[in-house]
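Below is one structure; the comments refer to it alone.
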Number of protein chains: 2
Amino acid sequence: MQTPDIGSFIKDLRENAKISLRQLAEQAGVSNAYISQIERGLRKPSAEVLASIASALRVSTPAMYLRAGLLGTDDTHGVLAAIAADAELTLAQKQSLTQIYETFRRENAREAAGTDGVPVEEKP
Amino acid sequence: MQTPDIGSFIKDLRENAKISLRQLAEQAGVSNAYISQIERGLRKPSAEVLASIASALRVSTPAMYLRAGLLGTDDTHGVLAAIAADAELTLAQKQSLTQIYETFRRENAREAAGTDGVPVEEKP
DNA sequence: CCATTCTGCTTGCAATTGTTAACACGGCGC
DNA sequence: GCGCCGTGTTAACAATTGCAAGCAGAATGG
């Protein structure tokens, strides 16, 4: 596994924030016992719990996922992730953009020829 | 939940790719029965399984997470997600950049103490 | 000295994930 | 008719998540 351990990452963040196990548990909405087990690597938290903890620790969800090994590297261009995490788009807009982008990518991969009818605008 | 169902999304992608349940299961490395249950909304797949299915269906992991409701809206600027998904950075570089960025953001939030949702207790 | 109140840790327990069987239905060849 | 492979579905099962409740130890104060 690429993740050395997500527990010590969370623990570092928690101690850096100078809050106790129970305080973090309360803010994240999970039990204190579970936080303890997560920090020592005894349990592997789900994505939902991971996101809650990230929110409580003022860390972005993608950052936590990346650390947990849930977000990989080579399967995508950066564009999609940027879309997914952009705070200035609504969820519907994200899904539309994402789906369009994926459709384009699939078609490109299938045909592999440059006959492209719809130009793709690059957004800085 | 904002996601009506992740199952029909997967099913649509699978039928669009014209592959069977078992083919998708094999490529994703999960059981065929489980794919069936997921597509009908009987089970909620974990992030790992979701990522495997996404890979098998040639869809990016963030796109799948977004569709499953695991990736939210208000968590960050697009910067971090872009870092996470950038194929030209090593994992270690991503983590370093991410951590630095998060640290900056935390310090900004701490010093610009004004319109804040959750107060941070400071011990004098 | 004892009570209180922190800290984190351990122990059962319910709910869920994900698998390995099977199952029913349908098409095609003998 | 009978097999054989294909589709998706269901049932029983082991493994895991996540929680409520209680544990020991240290600090503080009556």
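A, B, ... follow the sequence lines: proteins, then strands. Residue 1 opens every chain. Every heavy atom of this structure was used, including side-chain atoms; hydrogens, water molecules and symmetry mates were not. What you are looking at is a predicted structure, and each value in this text was computed from that prediction instead of being measured.
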(message) Between A/Ser20 and C/dC6, is there a contact of a side-chain N or O with OP1 or OP2 at under 4.0 Å?
(response) no

(message) Given D/dT9, C/dT10, C/dG18, identify the nucleotide with an atom nearest to the side chain of B/Val49.
(response) C/dG18

(message) Using a 4.0 Å heavy-atom cut-off, does B/Ser36 contact any base of the nucleic acid, only the sugar-phosphate backbone, or nothing at all?
(response) base

(request) Return the nearest nucleotide to the side chain of A/Gln37; candidates are D/dT17, C/dG18, C/dT10. (result) C/dT10

(message) Heavy-atom count check: over 12 atoms from other residues, nucleotides or ligands less than 6.0 Å from A/Glu26 CD?
(response) no

(request) Would you kindly give the CZ-to-C1' distance between B/Arg14 and D/dT9, to the nearest whole Å? (result) 12 Å

(request) Measure the distance from NZ on A/Lys11 to P on C/dG8 and round it to the nearest whole Å. (result) 8 Å

(request) Starting at atom CD1 of A/Ile10, determine the distance to atom C1' of C/dG8, rounded to an integer number of angstrom. (result) 16 Å

(message) I want to verify a distance call: between D/dT9, C/dT19, D/dG18, whose nearest atom is closest to the B/Val30 side chain?
(response) C/dT19

(message) Output the rounded distance in Å from CD1 (A/Ile19) to C1' (C/dC6).
(response) 15 Å

(request) Would you kindly give the CG-to-P distance between A/Leu42 and C/dG8, to the nearest whole Å? (result) 15 Å

(request) To the nearest Å, give me how far apart CZ (A/Arg40) and C1' (D/dG18) are. (result) 15 Å

(request) Tell me which nucleotide among C/dT17, C/dT19, C/dC9 gets nearest to the side chain of B/Lys44. (result) C/dT17

(message) Whether A/Arg43 contacts D/dG18 is assessed here as follows: a side-chain N or O lying under 4.0 Å from the phosphate OP1 or OP2. Is that the case?
(response) no

(request) Decide if atom CD of B/Gln23 counts as having more than 12 heavy atoms of other residues, nucleotides or ligands within a radius under 6.0 Å. (result) yes

(message) If you go through the side-chain atoms of B/Arg22, does one of them form a donor-acceptor pair with the base of D/dG8 closer than 3.5 Å?
(response) yes

